Q: 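Sharing a structure, written as structure tokens. Questions coming.
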There are 4 protein chains.
Amino acid sequence: MQSRTPAPRAGRPRSAAADAAILAATRQALVELGWSKLTLSDVATRAGVAKTTLYRRWAGKNELVVDAVAELFDELELTDHGSLAADIEGVVLQFAAILARPEARSGLMAVLAESTRDDALRERIRESIVDRQKRLVLQGRARAQRRGELPAQADPAEAARTVDLIFDVVAGAVVHRTLVSAEPVDPDWVRGFTQVLLHGLSAAEAP
Amino acid sequence: MQSRTPAPRAGRPRSAAADAAILAATRQALVELGWSKLTLSDVATRAGVAKTTLYRRWAGKNELVVDAVAELFDELELTDHGSLAADIEGVVLQFAAILARPEARSGLMAVLAESTRDDALRERIRESIVDRQKRLVLQGRARAQRRGELPAQADPAEAARTVDLIFDVVAGAVVHRTLVSAEPVDPDWVRGFTQVLLHGLSAAEAP
Amino acid sequence: MQSRTPAPRAGRPRSAAADAAILAATRQALVELGWSKLTLSDVATRAGVAKTTLYRRWAGKNELVVDAVAELFDELELTDHGSLAADIEGVVLQFAAILARPEARSGLMAVLAESTRDDALRERIRESIVDRQKRLVLQGRARAQRRGELPAQADPAEAARTVDLIFDVVAGAVVHRTLVSAEPVDPDWVRGFTQVLLHGLSAAEAP
Amino acid sequence: MQSRTPAPRAGRPRSAAADAAILAATRQALVELGWSKLTLSDVATRAGVAKTTLYRRWAGKNELVVDAVAELFDELELTDHGSLAADIEGVVLQFAAILARPEARSGLMAVLAESTRDDALRERIRESIVDRQKRLVLQGRARAQRRGELPAQADPAEAARTVDLIFDVVAGAVVHRTLVSAEPVDPDWVRGFTQVLLHGLSAAEAP
DNA sequence: CATTAAACGAGACGGTACGTCGAGTCTTGCG
DNA sequence: CGCAAGACTCGACGTACCGTCTCGTTTAATG
């Protein structure tokens, strides 16, 4: 495969530093102001960049925030704790820690809200954020199967459907706990959640 | 408890019809425009009401939309289908049907996003929407215990914690599936989800 | 004929004070900044008024400046100095004094420049500034005819044409001297100009 | 007088063709867009030249337009029609014909407007446009004196003052008629104007 | 039944951010 | 070094919506 060099066109090239500065400034502004009071003028000022430069690279607030927030989730990883339950607990705690950061809370929910009426935006979110993190589920299952904690799945379509289901359950529960119920995702809760996820309600209610 | 009648002061009383018209207009505007392009002037015009009248009753866009959206969720009910699994499947489908309506998608996520930086708003959402629907979980558990599908829980604190957990898991998964993954909540998915919820991952992956 | 009361429409009436403040602020800004560096935001700020208010009343910079400048020329009057020559000299000096003010120089020429490509603007200038001042020529001629310095004119069409001609000559010469040649309109020049106007070149060159 | 060759320094010399192309493009843009909507980027594109090249040669819009417009007036000449009156009528018609061209109207007035607050620009206009055309007045007077239509003038200072006065009267009247009154400079008007100029108002009103 | 005080419609108001555009400068690579 | 291309900073543009205000006009309970 060839290098990614994007065809060195004529004229002055775009400043690479500007991109990083803008995304950082966006996150900072999200922390201080939240989504709705964040203005692109302000972001430009913080980044030491003209508003025009910003609009040359992103179509608007939504696209910019998606990119700024997406980077936050790339630090997630599935540390090996020896058992499936422990692995899940570990990654759920990491995920909750990210969602506890104001730039993530504020930014993520807002772009999700916008995406309900903007298909292009939804696709962008899916590519940049959602699908990138499904790797964690795949990794977790593979590891659990290697350990013999889960059986192998024959049907690949069924397997894919299960990955999606688990992702929705895990991500949904943590997001709901954090942003809707606004309760802390503490080790107790994580333990309870993992129990339900692995063994179901009936088991969970009768330990 | 006192009557709700708010001390019939002198002067012309507020029009009761206006409230209903405004909330309906808000939902209609959410459908057509979505949260971010909805303007209070527009809502006022649609409702055949002056902007002043609107601001006399709600503090702003957020409060108005919370009230407009909250009504949508009151139609949820836990029909008795004979078994816990069937009851869950029924209510999940109902919930998904509401979330499929654009006024709910757009409005709900937006106010949740705003609530990440506005505690009063979060409290209002919790009162108007979230806590009102926990009744469904309570009802479902009571019915399942009557049927002998679930054991009684001795510790009331533990019982409350379980209700919250289940609510986060169910609501979170459906919301995530609908609004983030943007995949349909069809009977297949609901069956799979209910299996995981009742019997856990291990069971679900090897039926 | 009825009063000018402009049909008291519904809603809050426009502030009368705002108009005056805006026009005064416009003249002040013309003095300090000149036409090309004058911004409507700045005018609004000076007038203690929101930009919206300004745009609600004038379509743009051009229209605003026409109105602001037009008022300056309303102070012109044809004082009776006893002879046609003296009357002309008097009004020419007055006119030159107005053109010496920076708000008049800068504003007038700029809107004239714009009017070369904007017929509506040209018409507005003609109504607000040019035609209003033709009264001076009419007045001067009437007075001179009363004194016997000029013969009466029988043909009204011819008379109108002469008024236009004289206006173009007088206004044109003073404007050109002031703004193009950028030389002072002092009493000497005025005397010479009046001689040419009344008695022609041949006489002027051989006194 | 030294050669105009500007010291052939090292490096690639400036393209001579570019200058002409830029000035032509400027005039074309003035015709199509007028002063205020003319942009230097657009001029550069029309001339097939980079913006840099343009700024290397002119300081800005004003200077560029002065040069582009000045060339237009160089085609004026005082054809000998046999009498002073006829000569004046001829040159006035020529002048009016130039002012009827949109690039002249729009460009000339705009730079004059700018020059009210920019002394360097005014000086440049005077050199490039105004003073260059005073030759016509000098020429006309010399010819008339040769013919015996005008007496010789002894005092050179007085003579200079008269040239300026006549120039202001002629140029001023034509410009005012064309751009302010926005009436055509037709042969009738020119005849009337020449009568006033040569014989004065009193004569003109009683032919 | 007249009074009266608040609610009402209309729309102007001071603000603030928007997204675009032009001016003039700077930074590439090519000739 | 000149030049084309085009990204850069800066600042004004004209628009839109917010939430407040000031009008003149209902409208129901009270006196």
Side-chain angles (χ1 to χ4, degrees), chain A residues 8-16 18 36-45 47-61, chain B residues 8-15 18 36-45 47-61, chain C residues 8-18 36-45 47-61, chain D residues 8-15 18 36-45 47-62:
Chain A
R9 289 172 305 140
R12 177 176 174 176
R14 291 196 177 165
S15 156
S36 60
K37 294 190 179 168
L38 175 154
T39 74
L40 295 201
S41 293
D42 181 66
V43 169
T45 305
V49 141
K51 227 189 339 171
T52 343
T53 299
L54 212 150
Y55 278 105
R56 212 175 281 119
R57 295 158 193 232
W58 286 276
K61 211 167 155 173
Chain B
R9 288 174 304 147
R12 180 175 171 179
R14 291 197 178 161
S15 155
S36 60
K37 294 189 179 169
L38 174 153
T39 73
L40 294 202
S41 294
D42 181 64
V43 169
T45 305
V49 139
K51 241 193 323 174
T52 335
T53 301
L54 210 152
Y55 277 105
R56 218 173 273 122
R57 294 163 153 86
W58 285 276
K61 210 166 154 172
Chain C
R9 289 173 307 140
R12 179 174 171 177
R14 291 198 176 165
S15 156
S36 59
K37 294 190 180 169
L38 174 154
T39 73
L40 295 201
S41 293
D42 181 66
V43 169
T45 305
V49 139
K51 226 185 347 165
T52 337
T53 299
L54 213 151
Y55 278 104
R56 211 174 282 121
R57 296 159 193 232
W58 286 276
K61 211 166 154 172
Chain D
R9 288 174 303 147
R12 178 171 169 182
R14 290 193 178 166
S15 156
S36 59
K37 295 189 180 171
L38 174 154
T39 73
L40 294 202
S41 294
D42 181 64
V43 169
T45 306
V49 139
K51 243 196 315 177
T52 335
T53 303
L54 210 151
Y55 277 104
R56 219 174 274 122
R57 293 163 155 87
W58 285 276
K61 209 167 157 172
N62 293 330

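Note: hydrogens, waters and symmetry copies are ignored here, and every other heavy atom, side chains too, is used. These numbers come from a predicted model, not from an experiment. Throughout, protein chains are lettered first and strands after them, A, B, ... in sequence-line order, and every chain is numbered starting at 1.
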Q: With side chains defined as the heavy atoms from C-beta onward, is the minimum distance between L40(D) and W58(D) less than 4.5 Å?
A: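 Sidechains of W58(D) and L40(D): no contact.
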Q: Can you measure Y55(D) atom OH to dG2(F) atom P for me and round it to whole angstrom units?
A: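 After rounding, the gap between these two atoms is 18 Å.
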Q: For A50(A) versus A44(A), what's the shortest heavy-atom pair and its separation?
A: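 It is C-CB, 4.0 Å.
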Q: How close or far is atom P of dG19(E) from atom NZ of K61(A), stated in whole angstroms?
A: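 Going from NZ in K61(A) over to P in dG19(E) covers 8 Å.
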Q: Name the residue closer to the 5' end of DNA chain F, choosing between L40(B) and L38(C) according to the nucleotide with the nearest heavy atom.
A: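 Its nearest nucleotide lies further toward 5', so the answer is L38(C).
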Q: By side-chain hydrogen bond (donor to acceptor under 3.5 Å, both in side chains), which residues pair with N62(D), not counting sequence neighbours?
A: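 N62(D) satisfies side-chain hydrogen bond (donor to acceptor under 3.5 Å, both in side chains) with no residue once adjacent residues are dropped.
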Q: When you measure from the side chain of K51(D) to the backbone N and O of V43(D), does any donor-acceptor pair fall under 3.5 Å?
A: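 No.
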Q: How long is the line joining CH2 of W58(A) and P of dC18(E), in whole Å?
A: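 Rounded to whole Å, this separation is 15 Å.
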Q: Could you run down nucleotides 9-16 of chain E 5' to 3' and tag each one B, S or - for protein heavy-atom contact under 4.0 Å?
A: BBBBBBB-
Q: Starting at CZ of R57(A), measure out to OG of S15(A) and round the result to the nearest 0.5 Å.
A: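 OG of S15(A) is found 5.5 Å from CZ of R57(A).
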Q: Is the backbone of S41(C) close enough, under 3.5 Å, to the side chain of T45(C) for a donor and an acceptor to pair up by distance?
A: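 It does hold such a pair.
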